[in-house]
Amino acid sequence: MNENREKWGSRSGFILAMVGSAIGLGNIWRFPTVVGQSGGGAFILLYLLIIFGIGIPLMIGELAIGRRGKSNIVATFKKINPKGKWWITGVIGVTSGFVILSFYSVISGWVMAYIVKFISGEFNNLDTQEISHTYESLVSHPSVPLFWHGLFMVMVISIVMLGIHKGIEKTSKILMPILFAILLILVFRSITLEGAAEGIKWLFKPDWSLITIPTILSALGQVFFSLSLGMGTIITYGSYLNDSENIPYNSVIIAFSDVFIAIISAVVIIPAVFAYGVQPDVGMPLIFITLPLIFGALPLGNFFGTLFFILLLIASLTSGISLLQVVVAYFTETFKWSKKKASIITGFITFLMGIPSSLSTGLLENYTIFGEPILDFMDSLSSRILLPVGGLLTALFIGWVWKPKSTIEEMQKQDNKVPLGRQWSFVVKFILPVVLSYIIISGFF
Ligand code: TRP
């Protein structure tokens, strides 16, 4: 065992880093978009059900193996099961880290470009068409988005390089409170808009007819992405966790904060959308076209617009570092690279991997993979295949190889009573594998 391995400095540091990983573009951009497309209240209820029934049980298992292994994800699977081939799950995780971060960083780059546009007042008094044009000319530009993508990666690298304690934990402790404060200001602004009530009503009124198999699948995918499950992020963060921490209790706090922020983000966005008579189901352009239109029409719109995109940037930065940390932990421990070397090299590779995604909204617009532009393909590849496969293998490993008994033992290090232990075992052994296999199979069609 490596005695010098880093640990979280404090409980709040661990929780804020986990919440920082969980809260990202997935909550603030993707969740309101999916809710807008999949029928308000009913989707939210379904989402909650999946978070509590499936998301939290897997998070508990991932934290437990992480803490037991106290290593990067590949070594953790090897340590627990030296003879088997389960370490491949870790390899898939490291690969997914590169893939997800590469396109995540491209979108985060657009977010940074938008902050500058808002500050400079570029969106003042523009109509929808003009804003669409601004968006199109940004994302289709061959080099400007690459500059922002590169800058985002430089920020991620500079934080991860400093290590768990001085880098990730400290950044999360500073940035997460700012994120909550900004969100509070924006919620207040949105719900006091004239006509916002209709949006709130729509958001919480369940329309069950919209709950179809594809909606359920998208809710499942969203839960995985939003809680950072199935990729080794949680295992990695769990590996720095003290034995005195209560795993189930912390998991509930983290998942609950994540859902709460997702719903609050929908409360920021949807009423504003209704107040301005725009449809909530437009999908991706909602954030980059509809919102600037709305902010442009508000008094102090530039201020609120800037705040909103800073919020997005903070959210994506704390998620970005959690993605790179998985990769960096693997490279430092496997090849004995320094943190600095590992962060710079893997961060640079991620930057290179993001270039095709960045160009796919411009120069490479007509180039598709399985019928999708590269950026969308990377997104689908991760949320439909890589994360569910990673999640499935992890669940099978926890449920059938390591056995629920060991997870429960790991949890008992802190407290002898483990509530709902039997129900938890059932979910991990049976429900998770069935649901995840179903997601994977349907992902191919
Ligand atoms: N959870 C983040 C979001 O909601 C993204 C993210 C960070 C992630 N780490 C991850 C997604 C690991 C999947 C796996 O935006």
Side-chain angles (χ1 to χ4, degrees), residues 16-35 47 50-51 55-56 58-59 62-63 66 72-73 89-90 92-108 110-111 152 156 159-160 168 171-172 175-176 179 183 218-238 251 254-255 257-266 284 287 311-330 350 378-394 436 439:
L16 287 174
M18 284 282 285
V19 171
S21 165
I23 297 173
L25 298 174
N27 302 59
I28 299 170
W29 165 57
R30 218 153 170 250
F31 183 80
T33 309
V34 183
V35 172
Y47 189 75
I50 299 175
I51 288 266
I56 293 179
L58 186 56
M59 182 181 286
E62 287 199 18
L63 280 176
N72 65 82
I73 48 177
T89 316
I92 298 177
V94 173
T95 314
S96 318
F98 279 115
V99 172
I100 298 177
L101 187 54
S102 73
F103 75 83
Y104 205 84
S105 169
V106 169
I107 300 173
S108 308
W110 301 347
V111 168
F152 183 79
V156 172
I159 299 169
V160 172
I168 295 185
T171 308
S172 311
L175 292 183
M176 294 315 282
L179 178 139
L183 208 51
S218 81
L220 280 164
Q222 174 65 18
V223 165
F224 270 78
F225 193 83
S226 191
L227 290 182
S228 310
L229 290 169
M231 199 216 86
T233 294
I234 309 284
I235 302 181
T236 305
Y237 275 19
S251 304
I254 292 156
S257 317
D258 184 66
V259 179
F260 182 73
I261 300 292
I263 295 178
I264 294 286
S265 307
M284 168 120 163
I287 293 288
L311 170 79
L312 265 181
L313 177 62
I314 293 179
S316 64
L317 189 60
T318 48
S319 298
I321 56 184
S322 78
L323 286 160
L324 192 63
Q325 179 58 32
V326 173
V327 176
V328 167
Y330 173 71
T350 313
M378 295 295 229
D379 184 12
S380 311
L381 173 70
S382 42
S383 60
R384 301 229 204 112
I385 313 281
L386 294 174
L387 295 178
V389 169
L392 173 64
L393 295 175
T394 310
L436 286 160
I439 301 184

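All values below come from the heavy atoms of this structure, side chains included, with hydrogens, waters and symmetry mates left out. It should be emphasised that the depicted structure is a prediction, and the values quoted were computed from it without experimental measurement. In each ligand, atom 1 is the first atom listed, and ligand 1 is the first ligand listed. For this chain, numbers begin at 1 and follow the sequence in order.
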Task: Atoms of ligand 1 close to Ser322 [distance to a heavy atom under 4.0 angstrom, numbered from 1] - done: 7 (C), 9 (N)

- [ ] Would you tell me which option among Trp29, Tyr104, Phe225 has the nearest heavy-atom contact to atom 11 (C) of ligand 1?
- [x] Phe225

TODO: Return yes or no for this condition: an N or O of Ser21 is under 3.5 Å from an N or O of ligand 1.
DONE: yes

Task: Shortest non-hydrogen contact from Val327 toward Val94 - done: CG2-O, 3.9 Å

- [ ] Could you grab the distance from atom CG of Leu227 to atom CD1 of Ile254, nearest 0.5 Å is fine?
- [x] 9.5 Å

- [ ] Please report which non-hydrogen protein atom sits nearest to atom 12 (C) of ligand 1, along with the residue it belongs to and the distance in Å to one decimal place.
- [x] Thr233 OG1, 3.3 Å

TODO: Indicate yes or no: does an N/O atom of Gly26 lie under 3.5 Å from an N/O atom of ligand 1?
DONE: yes

TODO: Give yes or no for whether the N/O distance cutoff of 3.5 Å, strictly under, is met between Phe224 and ligand 1.
DONE: no

Open item on the list: Closer than 3.5 angstrom, by distance alone: can the side chain of Ser382 be matched with the main-chain N or O of Asp379 as a donor-acceptor pair?
Closed with: yes

Task: Spacing of Ile100 atom CD1 and Met231 atom CE [to the nearest 0.5 Å] - done: 6.0 Å

Open item on the list: I need the nearest protein heavy-atom contact for atom 6 (C) of ligand 1: residue, atom name and distance, please.
Closed with: Ser228 OG, 3.6 Å

Open item on the list: Is there a polar contact, in the sense of an N or O pair closer than 3.5 Å, between Leu227 and ligand 1?
Closed with: no

Open item on the list: I need the atoms of ligand 1 closer than 4.0 Å to a non-hydrogen atom of Ser226, numbered in the order shown.
Closed with: 1 (N), 4 (O)

Task: Interatomic distance, Ile28 atom CD1 to Leu25 atom CG [nearest 0.5 angstrom] - done: 8.0 Å

Task: Polar contact flag for Ala22 and ligand 1 (N/O pairs, less than 3.5 Å) - done: yes

- [ ] Classify the side-chain pair Ser316/Ser108 by whether it contains a donor and acceptor separated by less than 3.5 Å.
- [x] yes

- [ ] Just jot down the ligand 1 atoms closer than 4.0 angstrom to any heavy atom of Met231, in number order.
- [x] 12 (C), 14 (C)

Open item on the list: Measuring from atom CG of Asn27 to atom OG of Ser265, what distance do you get when rounded to the nearest 0.5 angstrom?
Closed with: 6.0 Å

Distance-only donor-acceptor hits, side chain of residues 218-225, under 3.5 Å, sequence neighbours excluded:
residue, atom, partner, partner atom, Å
Ser218, OG, Thr215, O, 3.2
Gln222, OE1, Arg30, NH1, 3.2
Gln222, NE2, Gly26, O, 2.9

Open item on the list: Please check this pair: side chain of Ser21 against backbone of Ala17, looking for a donor-acceptor N/O pair closer than 3.5 Å.
Closed with: no

Open item on the list: Closer than 4.0 Å to some heavy atom of Ser319 - which atoms of ligand 1 meet that?
Closed with: 2 (C), 7 (C)

Open item on the list: Distance under 4.0 Å to a non-hydrogen atom of Leu387: what atoms of ligand 1 satisfy this?
Closed with: 13 (C), 14 (C)

